[in-house]
There are 2 protein chains.
Amino acid sequence: MFKKVIIAEDFEEFNLAIKQTLNDFDIVNFQHAKYCDDAFLKIRKAIQDNEPYDLLISDLSFKQDHREVKIGSGDELIEKVRELQPNIKIIAYSIEDKNVRIKSLFENSEINAFVLKGRNSIEDLKKAITLISNSDQKFISPEVASALQEKGNYEIDDVDIKILKYLSAGTSQDEIIEIFKTSDIKPNSKSAMEKRLSKLKDFFKANNTIHLVSITKDMGII
Amino acid sequence: MFKKVIIAEDFEEFNLAIKQTLNDFDIVNFQHAKYCDDAFLKIRKAIQDNEPYDLLISDLSFKQDHREVKIGSGDELIEKVRELQPNIKIIAYSIEDKNVRIKSLFENSEINAFVLKGRNSIEDLKKAITLISNSDQKFISPEVASALQEKGNYEIDDVDIKILKYLSAGTSQDEIIEIFKTSDIKPNSKSAMEKRLSKLKDFFKANNTIHLVSITKDMGII
DNA sequence: TTACGGATTACGGTTTTCCATAAAATACTG
DNA sequence: CAGTATTTTATGGAAAACCGTAATCCGTAA
């Protein structure tokens, strides 16, 4: 079982629930941080002190407030932590239920478990901790387990995202082309723009551009 | 102080936190429901039994799952409850931070308090309960207090919202007109549609329709 | 009834987007 | 180097959206 745990979570309620869960496991050596930055610093300090954490439980989205932060999301935190301390076990604990993001967490950051916040999340959290503490198995909440089976990704690149963001900000296609030309972004013809949009609409099964922006907004990719 | 409380909240973690808060007030007679439908039924039954609740603490957004529901959101629940039992005190307890929705809750459903879930929500919840239990004052979490000072009422009606929703779902203007004609929604000409959209774009300062949908999505109107 | 005003609808021209095809540029291969 | 893909750009016509103006409908009041 885990000996030293760090929690990154901004909401009081979830912190409370996680603490109680850890108590049930007789884990007493844990700390929590309400900001990703704090969590990261603590993890780094623990390594320096030769008393590293062996489990990170992290939320994905953090509310912005007055404080300036370097790491603004759990995704970033997880990525950095995985890099800093490859052997730490990581549980993502979030309301996020978009397949793309969940899959990316498992593939790119090699998280050990994904627990979906919801009507049965505490139970799931317990299962996840039990499972990953003594094995290298992965845990994922059943409601979103299908995320991992998703096949085939055509990769969406930076330029795609840029286009979508400009569109959602009210920029016309022609204007975007102009912007791309002046900032020297490579494919910048009318045709290229149209082809890209067509691909995106195809990929996201969108009827038209409005629909496309709407979908990608919902998915949180813009 | 309140004698009998009902909680409508689907997440375990928040339920736990609310319960602890009520304990601090020595309120022991409370029940919670994970679905709006259940909460409504309990409130109605309590009235019939002549033992009505005197406080409702309700979340605004509820996760959808396999179960079919009549009341899908806290907004609806609150509206119906206010109608059924005008004297009940209502606390909306939500992550929602869009001014429009908060303002509408105070104005249309006359909620007594709005507590924003976040880094200090338990404290706010306590303040809200204390304040509204013995007076008719309103409470609102400071982070969103500005919502009430917003001026300029919208003349945006149901049809506007319908149009925006259809647009964001990928329906073309012509298709929407067809739908309106078959469902007998009153202004259903091409011109009317265009004029409406033009008004909306003007009002929201949107460059084009994509922008309009994007803005209204961000504001939580659709 | 008639006259007026507001709301709705109809119409026409312009712009933007959409889509298919072809030309040009670039990369890849033997 | 020639020849063949692949990618990027160009072109033109169709559809959709945009925008101003004019005609029509409809309720109200003189």
Side-chain angles (χ1 to χ4, degrees), chain A residues 152-219 221-222, chain B residues 152-219 221-222:
Chain A
N153 30 16
Y154 146 78
E155 280 298 320
I156 292 160
D157 63 21
D158 285 354
V159 179
D160 289 323
I161 310 266
K162 262 204 178 65
I163 293 175
L164 290 170
K165 282 187 174 163
Y166 274 121
L167 284 176
S168 95
T171 322
S172 77
Q173 292 182 24
D174 286 345
E175 287 168 339
I176 297 176
I177 292 168
E178 280 313 305
I179 295 173
F180 277 17
K181 279 185 176 153
T182 59
S183 27
D184 218 41
I185 295 175
K186 298 258 296 200
N188 55 23
S189 72
K190 206 167 167 135
S191 297
M193 170 73 57
E194 289 170 351
K195 188 166 287 183
R196 245 168 216 278
L197 279 174
S198 167
K199 277 234 170 212
L200 285 167
K201 277 182 273 192
D202 190 59
F203 181 71
F204 288 108
K205 296 185 183 35
N207 297 343
N208 54 43
T209 311
I210 298 177
H211 198 192
L212 174 65
V213 170
S214 181
I215 290 170
T216 49
K217 260 182 112 76
D218 282 339
M219 294 180 70
I221 55 186
I222 59 172
Chain B
N153 257 342
Y154 310 118
E155 319 88 37
I156 292 168
D157 61 20
D158 285 354
V159 180
D160 289 323
I161 309 267
K162 262 202 178 65
I163 293 174
L164 290 171
K165 281 187 177 165
Y166 274 121
L167 283 176
S168 95
T171 322
S172 77
Q173 293 182 23
D174 288 344
E175 286 168 340
I176 297 176
I177 292 168
E178 281 313 304
I179 294 173
F180 278 16
K181 279 185 177 155
T182 58
S183 26
D184 220 40
I185 296 175
K186 301 242 294 191
N188 54 25
S189 72
K190 205 166 168 139
S191 297
M193 173 72 57
E194 288 170 349
K195 188 165 287 183
R196 246 169 213 278
L197 281 175
S198 168
K199 279 235 169 213
L200 285 168
K201 275 181 277 192
D202 191 58
F203 182 75
F204 287 107
K205 298 187 183 29
N207 297 345
N208 55 42
T209 311
I210 297 176
H211 199 192
L212 175 65
V213 169
S214 182
I215 291 170
T216 50
K217 260 182 114 73
D218 282 339
M219 294 180 69
I221 296 178
I222 57 173

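Chain identifiers are assigned alphabetically (A, B, ...) following the order of the sequence lines, protein sequences preceding nucleic acid strands; residue numbering begins at 1 within each chain.
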Using only side-chain N and O atoms of A/Ser191, determine if any of them is under 4.0 Å from OP1 or OP2 of D/dT9. no
Taking atom C1' of D/dA17 as reference, at what distance in whole Å does atom NZ of B/Lys190 sit? 8 Å
Where A/Lys217 and A/Ser168 come nearest, the two heavy atoms and their spacing: NZ-OG, 4.3 Å
State whether B/Asn188 places a side-chain N or O below 4.0 Å from either non-bridging phosphate oxygen (OP1 or OP2) of C/dT9. yes
OP1, OP2 of C/dT17 versus side-chain N and O of A/Thr209: anything below 4.0 Å? no
Can you identify which nucleotide, out of D/dA10, D/dG20, C/dT8, has its nearest atom closest to the B/Glu194 side chain? D/dG20
d(CG, B/Asp174; C1', C/dC18) in whole Å: 15 Å
Scanning both residues in full, the closest heavy-atom pair of B/Thr216 with B/Val213 reads OG1-O, 3.1 Å
Between A/Asn208 and A/Lys201, what is the shortest heavy-atom contact and its length? C-CD, 3.7 Å
What integer distance in Å separates A/Ile210:CD1 from C/dT16:P? 16 Å
Residue that, paired with B/Asp160, satisfies side chain to side chain donor-acceptor pair (under 3.5 Å) out of B/Arg196, B/Lys199, B/Lys165: B/Arg196
Can you tell me how far P of C/dT9 sits from CZ of B/Arg196, to the nearest Å? 10 Å
B/His211 NE2 to C/dT17 C1', straight-line distance once rounded to whole Å: 18 Å
Heavy-atom nearest nucleotide on DNA chain C taken for B/Lys181 and for A/Lys195; more 5' hit belongs to B/Lys181
From CG of A/Leu200 over to P of C/dC18, roughly how many Å is that when rounded to an integer? 12 Å
Please determine whether the number of non-hydrogen atoms from other residues, nucleotides or ligands lying under 6.0 Å from atom NZ of A/Lys162 exceeds 12. no
Mind checking if A/Ser198 touches a base, just sugar-phosphate, or nothing, with heavy atoms under 4.0 Å? nothing
Under 4.0 Å between a side-chain N/O of A/Lys201 and OP1 or OP2 of C/dC18, yes or no? yes
If I take atom CG in residue B/Asn207 and atom P in nucleotide C/dT16, what distance separates them, rounded to the nearest angstrom? 12 Å
In whole Å, I'd like the distance from the CG atom of A/Leu197 to the C1' atom of C/dT16. 13 Å
B/Ala192 or B/Asn208, whichever maps to the more 5' nucleotide of DNA chain C: B/Ala192
